[in-house]
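Note sheet for the following structure.
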Amino acid sequence: MRNLLLVAKREYLEQVRGRAFKLTTFGLPAIFAVIIAIGYFSSLGIGSGRHLAIASDDPALAQLLRSRILGQKDSKATVDVIAPATPADRQQLVDKLRAKSLDGVLWVEDSASAQPKATYMAPSAGDFLMNARLESALNKALVDEHLIKGGMQRDQAAAISKGIDLATYQVKPDGAVIKSNAEASFWKGYVMAILLSMTTMIYGMNVARSIIQEKTSRIFEVMLAIAKPSDLLGGKLVGVCAVGLTQIAIWLIATAVFFATPLSASVMSGQLSIHISAIEAILFPVYFMLGYLLFSSLFAGLAATCETEQELQMYMPLAAAPTWLSFALIVLVMNDSNSVWSVAASLFPPTAPVIMFLRMASETPPAWQFAVSIGLLALSIVAVLWFSTKLYRVGILMYGKRATLPEIFRWIRYS
Amino acid sequence: MAIVELDRIHKAYENKVAVKELSLTIEPGQMFGLLGPNGAGKTSSIRMMIGITMPDSGTVKLFDKPFDRASLERVGYLPEERGLYKKMKVIEQLVFFGQLHGLSTEDAHGRATSWARRLEIDTSLDKKTEELSKGMQQKIQFIGSLLHNPDLIIMDEPFSGLDPVNAKLLEQVLLELKDDGKAVIFSTHRMDQVEKLCDSICLINHGEAVISGKVRDIKSRYERNHVIVEFDGSAEFLKSSEIEEASNFSGHAEIRLKPHGDAQRLLKEASAVATIYRFELVEPSLEEIFIRAVGGKADA
């Protein structure tokens with residue numbers, strides 16, 4: 001145990017003093033913040049600054065539609081109205097689209113009928129957010145027109161069709177009813193799941209890379225004459241895990257400090273309001289540790305069979321598969337965090353850490369599910385560690401070429 | 001008390017026998033040479049000696065007890081495949097090795113500094129290992145294997161890559177350790193070094209001990225039929241009927257006489273055509289003994 005701790009301490013100090021640690025500790029959250037900010041702020045501007053034309057056989061509807069589009073949040077569009085429009089106008093508008101003097105044309109016909117027909121033409125086919133904005137504006141304008149035709153004032157009609165915002169509340173298992181924000185919860189779960197999977201992968205790969213480097217530098221022969229292979233492997237896993245936990249602790253403290261400042265109140269308000277609960281703050285390092293140990297112990301064994309980092313790349317799909325699978329299940333989990341599939345994925349060891357955090361974003365799962373998922377993860381770690389130690393014992397002394405699969409099976413049988 | 005006792009140890013990998021029924025005993029205060037060409041089984045034997053790998057059969061005893069990891073605290077090992085943590089400072093690295101061997105931080109630090117002074121690398125203690133030359137790194141590894149004052153020192157090709165001055169320095173340290181009663185095992189394929197330093201040897205080929213025993217005893221078993229001649233003048237005498245084989249290096253000739261060849265007659269023939277500065281009848285070198293023993297079937 002003494003040697004295991006000495007190896008862990010050496011590994012920890014070497015990594016914490018390294019440039020990579022400083023870069024990921026401070027750079028990774030910064031990169032995330034920038035990516036999320038870019039995504040958020042650029043989405044605010046979608047559809048704005050466009051030059052649109054509304055062509056309709058009904059001038060009143062066209063004007064109502066124009067005011068609805070201009071009244072939309074963050075809309076900075078320029079909207080021309082052509083009403084009543086003729087087939088000749090249509091050809092002219094298409095020509096303008098081709099010449100790029102217009103960004104889009106909304107053509108509304110049969111306005112007098114119960115089911116008017118609307119067509120949107122634009123040079124780009126994939127602007128689905130713009131389509132959604134126009135559809136909403138058109139529906140509201142049609143309601144406005146019906147209400148006005150029924151004798152209502154324009155202001156009254158606009159107020160009625162404005163709609164209402166739905167306030168959401170979550171009923172906690174203890175009976176407490178708290179205000180919730182589905183969008184913010186989704187983003188919180190998503191960001192935590194990404195951070196969890198990235199740190200797990202980064203530190204798991206660190207272990208693998210470090211083993212290959214030590215194998216290349218031939219330090220193992222010296223170390224094996226002093227310490228047991230299990231101490232060397234265990235020390236490395238513990239040391240790198242401590243590095244990851246240090247990084248997470250820095251992030252959590254930095255987050256806590258940020259939330260305590262007045263700046264957070266102004267930035268994290270409204271739609272962005274995010275609250276990290278105590279259980280999330282506790283379980284994040286726990287699931288990091290378990291996910292990391294599962295991943296890194298597998299890769300420690302595989303790394304011992306490789307000669308170079310390039311050879312290790314061959315196993316990368318194996319490393320990324322649980323993350324791909326977890327993120328492929330996002331929609332399913334966020335829609336129904338208690339479905340059989342969501343529960344099963346949160347108990348299945350390779351996907352448990354990420355899926356559990358995605359589920360927690362919607363609703364805290366029952367305690368027994370945490371217990372089972374942690375228990376299963378712990379059992380898988382023991383099994384993978386058993387397999388990896390066998391590979392490690394033999395692999396670190398094999399130089400010259402990457403082991404083939406039959407060789408790997410033979411090593412497991414021998415050691 | 002035997003420091004190392006190998007009794008018919010055997011190790012095979014798939015279809016290759018690495019070590020075949022090898023037995024040897026090493027006493028305290030003995031400099032023991034484990035010799036053989038590359039791939040003969042020297043490193044495999046050492047690995048079994050210190051528990052890095054286990055023999056398929058046979059027994060390993062260290063310090064008169066069946067092998068157990070605790071006895072490794074009395075063993076210093078410098079492997080042929082050398083490595084260091086490149087990003088660590090030299091002193092941190094040495095203290096780490098010392099701690100792994102059971103020393104306290106202070107003790108390891110003190111011993112590392114003292115050894116560094118002895119091997120003339122004390123000015124590099126605060127440098128990162130990657131900043132040092134290969135020879136300097138080798139000295140660090142050498143110190144790392146001796147920090148805990150082991151009773152058994154195993155050195156696998158300790159002088160490879162060292163310049164003559166540093167090789168001499170390390171040789172001297174090893175001889176001092178031997179005089180202190182430590183057992184030193186010295187594995188190499190450089191037989192000239194072993195001949196100079198070791199009192200006992202074991203020659204291995206294809207995993208099997210070909211010759212073993214005290215160097216003096218082994219050499220005395222062979223006839224003195226080698227002659228070294230240093231001369232000035234004609235080399236015609238090298239065509240003498242007394243000679244089986246001769247190499248002439250511009251005035252320095254190494255000669256093997258025919259069985260029952262007459263050295264005195266050769267001296268007469270040589271002095272008739274050249275001025276002789278040295279004419280010495282010598283024992284065969286370990287290299288020649290080895291070649292004779294394996295009948296030229298070594299892998300090296």
Side-chain angles (χ1 to χ4, degrees), chain A residues 1-21 206 209-232 235-236 239 307 392-400 403-404 406-411 413-415, chain B residues 11-14 43-44 46-47 49-54 56 68-89 92-105 108 128-130 137 140-145 147-148 150 152-156:
Chain A
M1 183 50 96
R2 183 175 183 269
N3 282 356
L4 187 148
L5 293 176
L6 282 168
V7 173
K9 183 181 158 197
R10 194 209 73 80
E11 195 71 42
Y12 177 80
L13 290 176
E14 183 166 292
Q15 295 223 9
V16 165
R17 287 173 185 164
R19 208 179 309 155
F21 178 78
N206 264 6
R209 203 170 298 125
S210 153
I211 287 172
I212 289 181
Q213 279 166 3
E214 287 181 9
K215 194 173 165 181
T216 314
S217 77
R218 306 291 197 249
I219 186 83
F220 279 129
E221 189 103 9
V222 179
M223 295 301 290
L224 285 172
I226 314 175
K228 287 188 280 186
S230 54
D231 285 348
L232 295 179
K236 190 170 285 293
E307 281 290 304
Y392 183 84
R393 281 178 65 93
V394 184
I396 54 177
L397 287 173
M398 295 287 177
Y399 310 121
T404 59
E407 277 169 338
I408 289 176
F409 286 123
R410 254 198 311 274
W411 293 0
R413 226 179 31 242
Y414 285 158
S415 57
Chain B
K11 183 83 182 172
Y13 295 104
E14 302 192 15
T43 302
S44 296
I46 291 175
R47 282 181 175 175
M49 224 178 269
I50 54 176
I52 292 179
T53 54
M54 292 296 153
D56 299 336
D68 78 302
R69 288 202 67 89
S71 52
L72 289 180
E73 285 185 9
R74 296 173 67 189
V75 177
Y77 175 44
L78 177 76
E80 184 186 10
E81 296 284 5
R82 294 188 248 280
L84 289 167
Y85 293 107
K86 305 246 177 272
K87 302 279 173 202
M88 273 178 112
K89 284 183 180 175
E92 287 174 353
Q93 188 133 212
L94 289 174
V95 169
F96 174 60
F97 287 146
Q99 286 176 318
L100 285 173
H101 276 299
L103 301 181
S104 68
T105 311
K128 280 190 179 173
T129 312
E130 61 188 355
Q137 292 189 21
I140 296 163
Q141 286 157 337
F142 190 79
I143 295 174
S145 63
L147 271 181
H148 54 299
L152 169 64
I153 298 155
I154 302 171
M155 301 267 149
D156 202 347

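Quantities reported herein were computed from a predicted structural model and do not represent experimental measurements. Heavy-atom basis, side chains included; hydrogens, waters and symmetry copies ignored. Chain A is the first sequence line, chain B the second, and so forth, proteins listed ahead of strands; every chain is numbered from 1.
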B:Gln99 side chain to B:Ala108 backbone, donor-acceptor under 3.5 Å: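 Checked: no pair found.
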Roughly how far, to the nearest 0.5 Å, is [atom2] of [Y] from [atom1] of [X]?
| X | Y | atom1 | atom2 | value |
| --- | --- | --- | --- | --- |
| B:Leu100 | B:Leu72 | CG | CG | 12.0 Å |
| B:Tyr77 | B:Asp156 | OH | CG | 5.5 Å |
| A:Leu13 | B:Glu92 | CG | CD | 8.0 Å |

Part of A:Gln213 within contact of chain B (heavy atom distance under 4.5 Å):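 Answer is neither: A:Gln213 stays 4.5 Å or more from chain B.
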Can you pull out the residues in residues 224-231 of chain A with any heavy atom less than 4.5 Å from chain B?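 Within residues 224-231 of chain A, the residues under 4.5 Å from chain B are A:Leu224, A:Ala225, A:Ile226, A:Ala227, A:Lys228.
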Given that the side chain runs from C-beta out, which part of B:Thr129 has a heavy atom under 4.5 Å from chain A: side chain, backbone, both or neither?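 For B:Thr129, neither part sits under 4.5 Å from chain A.
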For B:Arg74, all residues meeting side chain to side chain donor-acceptor pair (under 3.5 Å), sequence neighbours excluded: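 Partners of B:Arg74 under the side chain to side chain donor-acceptor pair (under 3.5 Å) test: B:Asp151.
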Name the residue from B:Ile140, B:Leu84, B:Leu103 that meets the side-chain contact (heavy atoms from CB on, under 4.5 Å) definition with B:Phe97.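 Filter result, single survivor: B:Leu84.
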Above 12 or not: heavy atoms from other molecules or residues under 6.0 Å from NZ of B:Lys86?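 Enclosed.
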